[in-house]
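Values reported hereafter were calculated over all heavy atoms of this structure, with side chains retained and with hydrogens, waters and symmetry mates removed.
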Amino acid sequence: MSGKTNGKSNISVFQMAIMTTIAVASLRGLPAMATQGWASIIMYLVPAVLFLVPTALIGAELGTTYKGGVYVWVREAFGNRFGFVSVWLQWIQNVVWYPIQLAFVAAAIAFMIGQGTLADSGLYIGITVIAVYWFATLLALMGGTLFAKVGSIGGLVGTLIPAGILIILGAVWLGSSQTISTSFTQSSFIPPIAGLASFVLLVSNVLSYAGMEMNAVHAGDMKDPSRGFTKAMLVAFVLILAIFILPTLAIAIAVPADKLGMANGIMVAFQTFFDTWNISWMTNVLSGAIAFGALASVVTWVAGPSRGVLDAAKTGLLPPVLQKLNKNGVQVGILVPQAIIVTLLALIYVLVPNVSDVFMALIGMAAALYVLMYIMMFAAAMVLRRKESDVKRGYKVPILGFIASVGLIACVLAFIMSFIPVTGETAIPQSIYPLVVAAVVVILGIPPFIFYACKKSSWDKRTDAEKSEASKHN
């Protein structure tokens with residue numbers, strides 16, 4: 001049994017709500033949703049109810065009861081092998097996510113320097129992604145917590161402030177005599193049910209709310225977690241939806257759907273607003289802020305998820321070369337291979353001309369990997385509630401079976417939908433798109449099973465006492 005959390009209460013409801021909002025909310029995916037017009041409201045609300053709420057509540061119970069994150073949660077329920085698989089999926093999803101987020105950074109930098117056309121260049125995007133990621137990796141290898149400390153600042157500057165400005169710009173646009181985009185005026189509140197692509201976008205949009213479980217581990221540091229955390233999640237729920245829905249509608253009002261590229265749609269929206277009012281230089285300023293916020297999130301995450309893999313590796317699940325630490329105590333044995341994988345993925349931008357299509361393909365692949373981890377998390381919560389019912393919980397989810405089942409079903413649907421392309425025309429032919437996603441899932445998801453099957457006693461560097469304590473999880 002892992003230790004229980006019993007930290008002193010020092011996080012307020014407001015602080016928890018803001019921490020959660022910054023961790024989840026992102027402007028990156030707004031352009032794709034803006035093409036749906038009014039229907040985007042429903043397409044945000046449904047995944048929020050089916051996935052965001054269950055993830056927050058389940059993560060709170062597990063995080064305030066078992067220390068160690070998803071690896072420990074799943075290990076306690078299903079054993080060490082599946083605990084390792086779960087943390088591997090969490091880590092490898094982030095590896096796929098880095099090129100997506102850094103493509104967003106590259107597009108923002110292009111607009112910041114007044115060269116917006118570069119955002120459509122696969123060569124520029126690929127080179128920028130590789131260069132920035134290796135720079136972030138080198139910083140991570142130096143150790144320290146500098147970028148972790150500025151993560152919240154990056155979220156404020158790169159997400160909350162730009163989102164607020166977009167909302168104001170949209171309101172001003174509506175209040176003036178500016179032309180409203182026909183793609184917005186002709187949209188309906190009800191998503192086009194006949195369109196499979198819209199249904200895929202609706203279900204797969206659960207990934208927009210991924211990360212809610214990260215701050216749930218701090219619920220035990222609140223005063224009266226049962227009440228305080230619930231209030232914080234309600235506030236965060238409203239804030240996250242506001243950040244997603246209102247700026248999305250603002251973009252849809254001013255920018256025609258055919259101008260919303262996946263990697264540069266936000267910058268195009270700002271450019272449309274500011275060019276209209278002859279303050280084009282503001283596009284450069286906001287693009288710089290967005291680039292800083294997105295980059296801060298990447299740098300903060302470079303070393304984070306890999307630390308969870310290292311914790312599992314120390315039990316003998318990875319060869320010693322992958323457990324290697326540098327003189328700063330940083331997991332160089334994992335970070336360098338991680339950077340190599342990101343480099344190979346970034347080369348897709350160079351090989352495939354259409355940046356938006358690459359962007360969407362990578363999102364689909366990342367979704368398939370991540371929801372598998374969430375499926376394991378929801379299942380673990382139900383098993384642990386039954387298997388270890390006598391364990392005192394810092395926060396206890398009411399009707400856990402129902403809530404976890406809702407989240408699990410949403411994830412299963414999202415996993416299935418990730419094999420279907422969102423757009424009708426993609427760089428990858430529709431006939432082989434599912435095969436490509438399946439290949440990525442297998443190639444990136446099979447290694448933990450191989451490592452577990454091939455593990456040797458010499459890989460385990462723990463003391464006899466540590467081995468004895470963990471033996472029941474193997």
CA sep, side-chain torsions, deciding dist, call: Ile130, Leu347, side-chain contact (heavy atoms from CB on, under 4.5 Å)
CA-CA 8 Å; Ile130 293 171; Leu347 289 176; 4.0 Å; yes
Show the numbers, then the answer: is there a side-chain contact (heavy atoms from CB on, under 4.5 Å) between Val105 and Thr128?
CA-CA 9 Å; Val105 172; Thr128 303; 5.8 Å; no
So Leu413 and Val371, side-chain contact (heavy atoms from CB on, under 4.5 Å) or not? Walk me through it.
CA-CA 9 Å; Leu413 288 175; Val371 295; over 6 Å; no
Tell me, with the steps shown, if Leu45 and Leu241 meet side-chain contact (heavy atoms from CB on, under 4.5 Å).
CA-CA 8 Å; Leu45 284 174; Leu241 287 179; 3.6 Å; yes
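Taking the six-membered ring where the residue is Trp, Phe415 and Phe419 present perpendicular rings, their angle passing 60° and hence far from 30°.
Using a 4.5 Å heavy-atom cutoff, the side chains of Gln90 and Tyr71 are not in contact. Two residues are said to be in side-chain contact when any heavy atoms from C-beta on lie closer than 4.5 Å; Leu174 and Ile180 meet this criterion. No side-chain heavy atom of Tyr98 sits under 4.5 Å from any side-chain heavy atom of Ile341. In this structure the side chain of Phe270 reaches within 4.5 angstrom of the side chain of Ile290, judged on heavy atoms. Counting heavy atoms from C-beta on, the side chains of Trp97 and Asn94 come closer than 4.5 Å. Put simply, the side chain of Ile92 reaches to within 4.5 Å of the side chain of Val95, judged on heavy atoms. Thr343 has its side chain within reach of Trp134: a pair of non-hydrogen atoms, C-beta onward, lies under 4.5 Å apart. Taking 4.5 Å as the limit, some side-chain heavy atom of Pro99 sits within range of a side-chain heavy atom of Val342.
Under 3.5 Å, the side chains of Tyr133 and Gln101 contain no donor-acceptor pair of N or O atoms.
The two residues Gln178 and Trp173 have their closest heavy-atom pair at CB-CE2, 3.3 Å. When all heavy atoms of Thr272 and Ala254 are compared, the closest pair comes out as CG2-O, 3.8 Å. The two atoms that bring Gly228 and Val13 nearest to each other are O-CG2, 3.6 Å, heavy atoms only. The nearest pair of heavy atoms linking Ala252 to Ser181 is O-CB, 3.3 Å. Across all non-hydrogen atoms, the minimal contact from Ile109 to Ala291 is CG1-CB, 4.1 Å. In this structure, Pro247 and Leu30 approach most closely via the heavy-atom pair CB-CD1, 3.7 Å.
Taking the six-membered ring for Trp and the full ring otherwise, the centers of Phe51 and Tyr374 sit less than 6.0 Å from each other. Between Tyr66 and Trp73, the ring centre distance reaches or exceeds 6.0 Å.
Side-chain N or O atoms of Trp38 include none that pairs as donor or acceptor with a backbone N or O of Leu249 at under 3.5 Å. Not a single donor-acceptor pair under 3.5 Å links the side chain of Ser287 to the backbone N or O of Asn284. With hydrogens and angles ignored, the 3.5 Å screen pairs no side-chain donor or acceptor of Ser40 with any backbone N or O of Gln36. A donor-acceptor pair is defined here as one N or O able to donate and one able to accept, closer than 3.5 Å; such a pair exists between the side chain of Tyr209 and the backbone of Tyr44.
Phe378 pairs with exactly one of Leu400, Thr55, Val406, Ile403 by the side chain to side chain contact (heavy atoms under 4.5 Å, CB included) rule, that one being Thr55.
The CD1 atom of Ile240 lies 11.5 Å from the CD1 atom of Ile245; values are rounded to the nearest 0.5 Å. Note that CE of Met282 is 4.0 Å distant from CZ of Phe274, once rounded to the nearest 0.5 Å. Taking CG of Leu27 as the start and CZ of Phe244 as the end, the distance is 8.5 Å to the nearest 0.5 Å. To the nearest 0.5 Å, atom CD of residue Gln338 and atom CG of residue Leu335 are 5.5 Å apart. How far CG of Leu166 is from CD1 of Ile253: 11.0 Å, rounded to the nearest 0.5 Å.
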